[in-house]
Amino acid sequence: MKRFKGVRAATIQQDSSTPTIKRLRPPKRVVIPLGSRWGNLTPLVKTGKTVRAGQCIARDKNGIIPPAHASISGTVKEIRPWLNFSGENTPSVLIESDGDDTIEKLFQNEGPGQDLQGILKVISEAGIREPDPYPWPLAWRIAQPSIAPQIAAPIAPDLRLPIESLIINGMDRQPGVSVRGRALVYRKKDLLDSILILQKLSGARKTVFAVYKDQAIPQDFERQLKKNWFEIARCPNKYPIALEPVLVRYITGREIPQPSGDARAVGAVVVDVMTALRAHEAVRDGMPSIRTVLQVSAFGKYLDMYVQVREGTLLEDLLEQVRRELMEDLLGEIPPLGKRLAKVIVGGPFLGYTQQHLQVPITQETDAVQVQSDQELTRFENAACVNCGYCVRACPMGLLPNELGKCCEYGRFHTAENKDLFVCIECGICAYVCPVKRPMVHLMRFGKQQLLATREES
Amino acid sequence: MKRPEFHVSVSPHVHSGYSIRKMTFETTAALIPTLFAGWFFFGWKALAIVGISAVSALLTELLWQKAIHRPVQVSDGSAVLTGILVGLLLSTSTPWWLPALGAFVAVIIGKQLFGGFGNHPFNTAVVGWAFILISYKGLMSEFPMPAPQFLLHPGEYLAYSPLYTLRDSGVEGIQYVPWTDFLWGNVPGSIGTVSVLAALLGGAYLIYRRIITWHIPVSFIVSAWIFAFIFWRIDPEVYADPTFHILSGWMMLGAFFLAPEMGTAPVTSPGMILYGIGCGVITMIIRIWGSYVEGVPFAILLMNAATPLLDRVKPRAVGRVKEIA
């Protein structure tokens with residue numbers, strides 16, 4: 001294991017109290033985005049058609065992108081571009097509920113059993129999407145070369161390499177979010193089974209279960225892990241250890257080549273526990289991946305709650321339901337959330353995106369929704385860099401964020417590129433520690449965007 | 001496009017809360033032992049000089065920023081810190097206007113002309129000090145005898161500051177001075193530089209609070225020690241003990257408070273180590289063969305000039321693949 005370089009990083013406090021997860025009622029309407037980082041899905045349904053929950057409504061012609069499923073039963077009202085949580089307009093399917101809530105399974109009678117190809121097929125059919133920006137979908141990453149999909153190899157040559165280490169990431173990606181940490185406690189049985197399945201699929205020589213140093217794992221779970229020869233890696237409670245390139249480097253000591261960021265090139269696969277649980281549900285019950293566990297937190301510690309929602313629930317409906325739940329709990333002493341809302345962040349305080357309005361669908365790529373009031377806002381400042389070097393000390397990728405930020409600010413994008421701008425994983429730790437509050441991530445993204453635009457032109 | 005209903009910003013949406021103000025405040029707090037040592041050995045006049053210097057720096061920055069219509073940033077405390085450091089580099093026998101002039105030059109020429117805090121190439125306090133040293137050399141080379149307030153007896157082994165003694169009377173002049181005198185600071189010298197222990201305490205605090213990293217101070221002191229050690233082994237009759245060198249003069253204050261100043265020191269760890277080694281070696285070269293007795297300030301200024309170059313010495317980015325083309 002390598003020494004972790006995240007100096008002065010945000011310390012992550014693990015909360016291991018008894019988890020309570022509220023299952024919210026299926027919403028009246030959902031919006032299923034069809035976009036992904038590999039392109040758009042082709043819808044299989046038309047406006048006005050009736051769909052059932054769990055029915056596959058969009059599929060990729062090339063077979064790369066996991067298909068999308070309807071998360072409630074109802075009628076397709078509209079198929080049109082819709083703003084997703086990261087601020088992109090992607091074609092989306094708007095479904096209005098008819099009240100029926102029986103979920104159509106991926107298979108009717110028998111599951112795939114022990115057949116690896118079959119298991120893999122079910123996983124890829126389940127439509128699992130992940131919060132981390134992995135270069136390939138789960139089913140591609142996890143498959144050992146002998147069972148990998150035929151079409152994968154020409155597109156991603158690294159997938160032909162054998163998998164040496166399977167890393168199950170039990171760590172939440174950022175401070176303030178503890179969805180995964182809680183899953184370790186309340187779904188340990190399922191988790192163990194899911195790791196076994198993933199282990200079989202990957203054929204990995206070494207399986208590492210990565211958790212934070214002060215994360216409480218149930219005793220019997222730990223024993224079971226050890227019985228199956230899984231390693232438990234205790235990682236420092238520092239952000240950004242849980243991000244894929246940093247984690248792989250910490251655990252295996254090998255560096256993922258950047259900027260492609262494909263961990264398979266160094267023989268590693270990282271799967272986070274929520275994804276593992278989804279894969280397990282798909283294989284055991286044939287449950288398509290249409291539900292997601294979210295942490296909804298608001299106004300500091302005023303509200304912190306874990307809810308299970310349907311894929312595609314609009315933020316508006318989610319917050320309204322959360323508010324109702326609270327009213328029930330606290331006898332209506334809560335002011336409506338809308339009153340003090342200043343900033344809505346989908347995806348956590350370090351990596352999340354702020355929303356312009358609440359008509360934004362919540363998808364599986366999200367694990368946290370945070371609401372900030374006026375007093376909590378962090379404002380960046382238009383200040384000059386003072387060369388203190390704090391960002392350099394904190395950068396997990398060994399970059400010089402101070403220089404990159406200056407280059408991007410003054411429009412010297414090619415200089416920035418030569419200084420490895422594209423290695424930056426936008427973890428935001430440089431902006432977090434910056435004493436003059438420069439908008440580091442903004443500058444980096446701006447630079448990257450400009451460079452990509454230049455490349456497309458030429 | 002519709003106006004957003006909520007605040008829209010890029011990630012991250014939280015901040016550590018560190019600011020220049022907090023950092024200068026903590027650095028000033030780290031100087032408290034040194035200030036105390038200054039008062040302990042040189043009386044209230046020491047604090048008066050530091051005070052004049054700090055006030056002068058503060059007023060200079062305030063007036064300058066008003067005059068050129070820039071946002072007034074005196075509240076970040078960097079001017080006060082510069083002023084305090086200039087004051088600590090002087091001795092109590094200087095007239096009252098000298099620290100005021102030094103702080104003025106430090107703030108205007110050392111910092112503001114280059115665009116303000118963080119963008120100045122040379123250490124502000126040392127620039128101010130160097131200006132008054134060169135202008136008023138006679139006034140700057142008088143060092144009063146220490147007069148401890150209580151407990152300790154005044155150190156009586158040296159009549160002049162240790163490095164002057166070394167230059168004028170050779171190794172014999174300094175070899176009977178007990179090392180505890182250096183540690184406490186019971187020797188003639190300037191206000192802030194005599195006490196090694198106080199500077200070490202402050203430096204330890206800075207490293208503990210991660211205001212600075214260990215790289216610069218450690219490589220500075222160790223390289224100076226090794227350099228002096230080599231010559232001491234060659235001829236102990238001519239060259240002083242390496243431990244004397246690192247305990248005397250500006251070494252500790254320079255290594256912990258002056259050399260790692262923000263904006264003037266490199267930011268990468270290999271760069272910082274090279275910078276420290278450069279400081280240490282140049283210090284010893286000046287002390288052994290130079291015409292100035294104290295090498296630390298000039299070593300720092302010279303290495304400040306090399307900082308942009310040292311910033312190019314950086315570790316390879318993680319996962320960076322060599323270009324094939």
Side-chain angles (χ1 to χ4, degrees), chain A residues 7-8 10 174-176 245-246 249 255-259 261 341-345 347 349-358 370 372 377-380 384-390 392-393 396-400 402-403 419-420 423 426 428-429 431-437 439 441-442 445, chain B residues 1-24 71 73 76 78 114-121 209-213 215-216 260-269 271-272 307-308 311-323:
Chain A
V7 188
R8 206 187 246 275
Q174 46 199 325
V246 188
R249 179 159 175 258
E255 296 173 7
I256 300 179
Q258 295 290 348
L341 249 161
K343 198 192 234 183
V344 182
I345 306 155
F350 274 85
L351 303 158
Y353 297 88
T354 48
Q355 304 305 324
Q356 300 179 14
H357 48 66
L358 295 179
Q370 199 184 20
Q372 287 185 339
L377 291 185
T378 301
R379 286 166 209 269
F380 293 111
C385 174
V386 296
N387 293 309
C388 61
Y390 281 17
V392 181
R393 281 193 238 162
M397 304 306 282
L399 300 173
L400 300 179
N402 56 340
E403 290 188 2
K419 290 177 192 281
D420 305 320
V423 173
E426 294 172 14
I429 199 78
Y432 179 75
V433 299
C434 182
V436 291
K437 295 191 173 178
V441 178
H442 170 73
R445 282 198 189 141
Chain B
M1 206 171 143
K2 222 176 83 182
R3 199 184 143 78
E5 289 170 41
F6 306 110
H7 285 261
V8 176
S9 70
V10 281
S11 58
H13 310 289
V14 280
H15 191 265
S16 56
Y18 290 107
S19 61
I20 301 295
R21 195 175 176 173
K22 276 193 184 164
M23 276 179 224
T24 48
Q73 287 174 327
D76 70 10
S78 62
F114 292 104
F117 184 75
N119 294 300
H120 47 95
R209 295 287 300 156
R210 294 187 180 170
I211 307 276
I212 60 171
T213 53
H215 301 81
I216 293 176
E261 197 194 29
M262 241 183 234
T264 64
V267 289
T268 62
S269 34
M272 286 194 276
T307 292
D311 266 339
R312 294 181 163 238
V313 187
K314 58 171 181 179
R316 190 181 57 94
V318 174
R320 158 96 190 254
V321 201
K322 261 191 206 147
E323 282 92 348

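When reading the values below, keep in mind they use all heavy atoms of this one structure, side chains included, and skip hydrogens, waters and symmetry mates. Numbered from 1 within each chain, the chains take letters A, B, ... in sequence-line order.
Proximity to chain B is limited to the side chain of A:Leu377, based on heavy atoms less than 4.5 angstrom apart. In this structure, the portion of A:Ala384 lying under 4.5 Å from any heavy atom of chain B is its side chain and not its backbone. With a threshold of 4.5 angstrom between heavy atoms, B:Asp76 does not approach chain A through any atom at all. For A:Phe380, the part lying under 4.5 angstrom from a heavy atom of chain B is the side chain only.
Interface summary for chain B: among A:Cys434, A:Gly389, A:Pro439, the most heavy-atom pairs under 4.5 angstrom belong to A:Cys434. Chosen from B:His120, B:Glu261, B:Arg21, B:Met262, the residue pairing most often with chain A at heavy-atom distances under 4.5 Å is B:Met262. Residue with the most contacts toward chain B among A:Val436, A:Val386, A:Val441, A:Asn402: A:Val386 (heavy-atom pairs, distance under 4.5 Å).
Side-chain atoms of A:Arg393 come within 3.5 Å of backbone N or O of B:Arg210 as a donor-acceptor pair. At distances below 3.5 Å, at least one donor-acceptor pair connects side-chain atoms of A:Gln174 with backbone N or O atoms of A:Leu351. A:Gln372 contributes a side-chain N or O that, together with a main-chain N or O of B:His13, makes up a donor-acceptor pair within less than 3.5 Å.
Of the residues listed (A:Leu399, A:Leu400, A:Asn387), the one engaging A:Val392 in a side-chain contact (heavy atoms from CB on, under 4.5 Å) is A:Leu400, and it is the only one.
Contact detail for A:Pro175 and A:Pro349: the closest heavy-atom pair is O-CG, 3.2 Å.
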Practice prompt. Take B:Ile20 and B:Gln73 through the test side-chain contact (heavy atoms from CB on, under 4.5 Å) and record every step on the way to the result.
Written response: CA-CA 10 Å; B:Ile20 301 295; B:Gln73 287 174 327; over 6 Å; no
